[in-house]
Amino acid sequence: MNIVSLLQNAVSQAVEQLYGEKADTAKISVSPTPGDFTGDYTVVVFPFVKLSKKSPELTGTELGEFLTREVAEVSDFNVIKGFLNLELGAAYWQKFLDDALANPDFGRQPRSGHKVMVEYSSPNTNKPLHLGHVRNILLGWSCSRILEAAGHDVVRVQVINDRGVAICKSMYSWLHFGEGKTPDNSGVKGDHLVGDFYVLFEQKSKEEYAAWQQTADAQAILESRKKPNQTDKEFFKDFKNQWFNTYSRLGAEVRDMLRKWEAGDPETVALWQQMNSWVYAGFDQTYDALGVSFDKLYFESNTYLLGKEIVDEGLAKGVFYRKDDGSVWVDLTDIGQDHKLVLRSDGTSVYITQDLGTARMRYQEFGCDRVVYVVADEQNYHFTVLFEVLKRLGEPYADGLFHLSYGLVELPAGRMKTSEGTVVDADELIDEVITLSRQQASERGDVSNFPAEEQDKLYAQIGLGALKFFMIKVNPKKKMTFNPEESVDLQGQTGPYIQYSYVRINGLMQRIEKEQIDLSSWVEYADYQPQEKELLKILHEYPAVVAQAAADYDPSHIANFCYSLAKSYHRFWHDLSIFNADTPQTRAFRLQLSRMTGQVLKTAMGLLGIEMPNRM
RNA sequence: GGUCCCAUAGCUCAAUGGAUAGAGCACCUGCCUUCUAAGCAGGCGGUUACAGGUUCGACCCCUGUUGGGAUCACCA
């Protein structure tokens with residue numbers, strides 16, 4: 001049993017014995033004592049004064065005396081106002097450190113028996129990945145690592161949106177203006193090459209639209225449909241989709257291409273396969289650079305027809321209803337939502353139908369009782385509906401669905417816009433943070449004697465460490481401002497700050513090795529300095545932080561924990577002598593404490609996908 | 001307009017309903033002849049958007065208001 005539940009039970013017993021009434025164990029507040037007070041755990045006694053009919057101070061004192069007497073772990077207490085601060089005694093802390101040192105998996109929770117699927121990234125194949133994807137990927141990856149550490153079996157998957165109008169635009173554009181360009185003969189990374197043709201298509205389409213607006217047809221439409229408060233420009237902006245679908249020559253050609261693709265036209269399918277394969281090679285390179293991977297890929301081209309049998313089933317169960325035109329709907333007005341279409345009148349699937357089908361297919365394939373969808377918060381409504389419908393259908397995994405919804409990434413100048421060319425490309429971003437870390441690090445000297453290969457590796461670790469930490473430390477739900485300069489800072493609340501604390505520790509560990517220092521006498525040291533105690537207390541919290549981060553699906557908890565651990569270690573390092581400590585016992589203890597800190601820093605940062613360098 | 005999300009120091013962010021709301025950046029001051037100064041210590045900086053309510057106790061829960069964002073396609 002962990003110490004918190006142990007103390008909760010003990011307090012519950014104390015209240016019952018002293019005041020004759022039971023207190024609800026779960027509601028007893030036991031939390032780590034804040035740094036500026038004496039004690040290890042604090043019990044809030046206010047809830048018990050009604051039962052004791054005594055002052056908070058006296059109630060706290062009575063409880064404190066009881067706990068000190070009855071609970072072996074509790075060695076002492078003090079009461080300040082309504083707060084009972086308990087001290088756990090050297091024996092407890094010694095055993096904690098002893099156990100932790102012996103446990104290479106310290107912090108990892110026991111197997112839960114749950115199997116969790118984490119879906120993340122989910123790119124379209126018409127463009128390279130950008131800054132928004134990077135947040136998604138980092139969140140998804142670290143979330144999956146945290147769930148593993150919390151004892152779950154994890155399956156990482158990616159849905160690739162490899163079909164539809166968008167990729168046809170790239171295909172059309174390449175076919176007509178590509179002049180046979182390939183990633184090989186042009187030296188352009190595949191996803192970028194395909195993206196370039198998508199952009200080219202949009203340009204051509206824009207030109208066509210501008211020309212069309214001058215025609216008599218267009219002017220007639222403008223006159224008849226323009227709203228009174230609208231300028232011509234505004235009207236044409238709003239009309240663009242309709243124009244593309246009805247009047248555009250390029251639009252017609254692309255739709256024709258999509259029809260051919262759906263009909264399985266060999267030439268179209270071959271082109272589609274060719275261009276997508278370029279994109280996948282490009283994506284793989286980006287994923288490798290970010291250090292992430294997937295267990296299974298789902299392609300929309302295989303799943304977009306799924307879900308129709310679920311529609312029939314839902315009709316039979318009365319979850320859905322059919323309108324006269326044949327379209328099928330679900331009525332969600334009782335949960336404050338609207339009616340939602342699940343099957344078109346022509347019998348074809350819509351987005352949500354696919355997702356219903358995909359959810360069931362994956363459950364049949366992997367049997368995951370939980371699924372985490374890492375998707376931006378613009379799709380909150382979609383997931384509300386999807387989860388509600390799956391619940392109404394009685395799917396066995398419906399209660400384990402979670403939308404890890406994250407906010408938009410904005411630049412200091414505002415939103416990224418394709419039209420203004422402010423979209424931050426993922427590959428360029430990765431290159432940039434590595435280049436910047438190289439520049440800044442070389443100013444600090446010290447690594448010039450490293451072999452070139454090791455230097456490259458180090459700069460990648462530092463640059464990516466900075467980038468990843470910067471993005472993960474923010475609560476996913478919040479939209480974040482991405483400041484390129486701040487993201488590669490090396491000082492303060494940053495990835496490299498934490499890496500540096502690890503490097504310091506690693507230096508000590510190497511010296512222990514080299515000088516063959518015996519550390520067994522550490523157990524004879526028990527009169528802890530405040531800096532030592534603080535470190536111990538933070539290390540002690542690690543398993544609880546992992547559990548909490550997993551329960552909340554929130555990697556930022558781990559990031560904040562890493563920072564406070566590193567900060568505490570830096571203070572410890574500065575204030576106390578480690579190798580030059582007064583006694584061999586003190587030295588041994590501080591080295592063991594350092595070893596433990598290093599181990600936790602490395603595993604915790606590993607949960608965020610951040611590597612730790614050995615030297616820097 | 002309906003639904004949902006957000007608002008904390010100049011900026012970027014923390015804070016299971018619990019003690020004096022904390023960090024980093026920026027600005028100012030100190031600390032390297034001693035284990036890596038990518039570090040440490042100190043200063044400056046707050047009506048937690050506003051108004052009510054619940055509670056022994058509210059940044060946190062409830063109601064309303066203001067401001068910002070997302071979404072409300074037989075698109076995905």
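Numbers restart at 1 for each chain; the letters A, B, ... are given by sequence-line order, proteins then strands.
A donor-acceptor pair shorter than 3.5 Å can be found between the side chains of S5(A) and N2(A).
The side chain to side chain donor-acceptor pair (under 3.5 Å) check on S142(A) picks up nothing, with sequence neighbours excluded.
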TODO: Starting at the 5' end of nucleotides 19-25 of chain B, put B wherever the base has a protein heavy atom under 4.0 Å, S where only the sugar-phosphate does, and a dash everywhere else.
DONE: BS--BSS
Open item on the list: Generate the contact string for nucleotides 65-75 of chain B. Rules: B means base contact, S means sugar-phosphate contact only, - means no protein heavy atom under 4.0 Å.
Closed with: ---S-SS--BS
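Between the CD atom of Q354(A) and the C1' atom of rA76(B) there is a distance of 8 Å, given to the nearest Å. When rounded to the nearest whole Å, the span between CG of L258(A) and P of rA76(B) equals 10 Å. Rounded to an integer number of Å, the gap from R511(A) CZ to rU34(B) C1' is 11 Å. For the pair F48(A) CZ and rG57(B) C1', the interatomic distance rounds to 15 Å; values are reported in whole Å. Across the protein-nucleic acid pair, H574(A) atom NE2 and rU36(B) atom P stand 14 Å apart, rounded to whole Å. Taking atom NZ of K27(A) as the reference point, atom P of rU55(B) lies 15 Å away to the nearest angstrom. Here rU16(B) presents its C1' atom at 9 Å from NE2 of H557(A), a figure rounded to the nearest Å. E300(A) has its CD atom 8 Å from the P atom of rA76(B), to the nearest Å.
An OP1 or OP2 oxygen of rG39(B) is reached within less than 4.0 angstrom by no side-chain nitrogen or oxygen of R504(A). Within the structure, a side-chain polar atom (N or O) of K478(A) is placed less than 4.0 Å from OP1 or OP2 of rA14(B).
Here the separation of rA21(B) from rG69(B), taken at their P atoms, is 32 Å to the nearest Å. Between rU55(B) and rG17(B), the distance separating the two C1' atoms is 9 Å to the nearest Å. Taking atom P on both nucleotides, rU8(B) is separated from rA15(B) by 14 Å, rounded to a whole Å. Taking atom C1' in both rG39(B) and rG24(B), the straight-line distance is 14 Å, to the nearest Å. Atom P of rG52(B) sits at a distance of 30 Å from the matching atom of rC13(B), rounded to the whole Å. rG10(B) and rG46(B) have their P atoms separated by 6 Å, given to the nearest Å. Here, rA23(B) and rA14(B) have their P atoms 16 Å apart, quoted to the whole Å. Comparing the C1' positions of rU33(B) and rA26(B) gives a spacing of 33 Å, expressed to the nearest Å.
Taking a cutoff of 4.0 Å between a charged side-chain nitrogen and a carboxylate oxygen, R571(A) and E534(A) qualify as a salt bridge. Of the charged side-chain nitrogens involved, none lies within less than 4.0 Å of a carboxylate oxygen, so that R415(A) and E410(A) do not count as a salt-bridged pair.
Exactly one of N475(A), N136(A), D377(A) qualifies for a side chain to side chain donor-acceptor pair (under 3.5 Å) with Y406(A). That residue is N136(A). Exactly one residue among D40(A), T42(A), N78(A), T38(A) makes a side chain to side chain donor-acceptor pair (under 3.5 Å) with T33(A). That residue is T42(A). With Y19(A) as reference, E62(A) is the one residue of K54(A), K53(A), E62(A) to meet the side chain to side chain donor-acceptor pair (under 3.5 Å) rule.
For H570(A) (side chain) and K567(A) (main-chain N/O), no donor-acceptor pair under 3.5 Å exists by modelled atom type.
A centroid separation of less than 6.0 Å is found between the aromatic rings of Y569(A) and F572(A). Taking the six-membered ring where the residue is Trp, the centroids of W272(A) and F299(A) are separated by 6.0 Å or more. F387(A) and F402(A) have their aromatic ring centers separated by at least 6.0 angstrom. You'll find the ring centres of Y553(A) and Y373(A) outside the 6.0 Å limit.
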Task: Bracket string, RNA chain B, 5' to 3' - pairs by Watson-Crick or G-U geometry under 3.5 Å, | interstrand - done: (((((((..((((....[...)))).(((((.......))))).....(((((..]....))))))))))))....
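The number of heavy atoms from other shown groups lying within 6.0 Å of NZ (K533(A)) is above 12. Taking a 6.0 Å sphere around CG of D582(A), one finds it holds 12 or fewer heavy atoms contributed by other residues, nucleotides or ligands.
Classified by its glycosidic torsion, rC32(B) falls in the syn category, the angle being within 90° of 0.
I472(A) comes within 4.0 angstrom of no nucleic acid atom, judged by non-hydrogen atoms across all strands. At a threshold of 4.0 angstrom between heavy atoms, the contacts of V44(A) include nucleobase atoms, whether or not backbone atoms are also involved. No contact: P56(A) has no heavy atom under 4.0 Å from any strand. S29(A) comes within 4.0 angstrom of a base, heavy atoms only. As judged by a 4.0 angstrom heavy-atom cut-off over every strand, N483(A) is placed among residues making no nucleic acid contact. At the heavy-atom level, V503(A) lies under 4.0 Å from base atoms of the strands shown.
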Between side-chain atoms of residues 486-494 of chain A and protein atoms elsewhere (two or more places apart, or another chain), which donor-acceptor pairs fall under 3.5 Å?
residue: S487(A); atom: OG; partner: P484(A); partner atom: O; Å: 2.8
residue: T494(A); atom: OG1; partner: L490(A); partner atom: O; Å: 3.4
residue: T494(A); atom: OG1; partner: Y497(A); partner atom: N; Å: 3.2

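Between I28(A) and S577(A), the residue anchored nearer the 5' end of RNA chain B, judged by the nucleotide with its closest heavy atom, is I28(A).
At a non-hydrogen distance threshold of 4.0 Å, nothing from residues 586-593 of chain A comes into contact with RNA chain B.
Listed nucleotides rU8(B), rC40(B), rU36(B) differ in distance to Y497(A); the shortest reach to its side chain belongs to rC40(B). For Y500(A), taking side-chain heavy atoms from C-beta onward, the closest of the listed nucleotides rA41(B), rC6(B), rA38(B) is rA38(B).
Seen from the ring of F244(A), K169(A) counts as a face-on cation partner, given the 6.0 Å and 45° thresholds.
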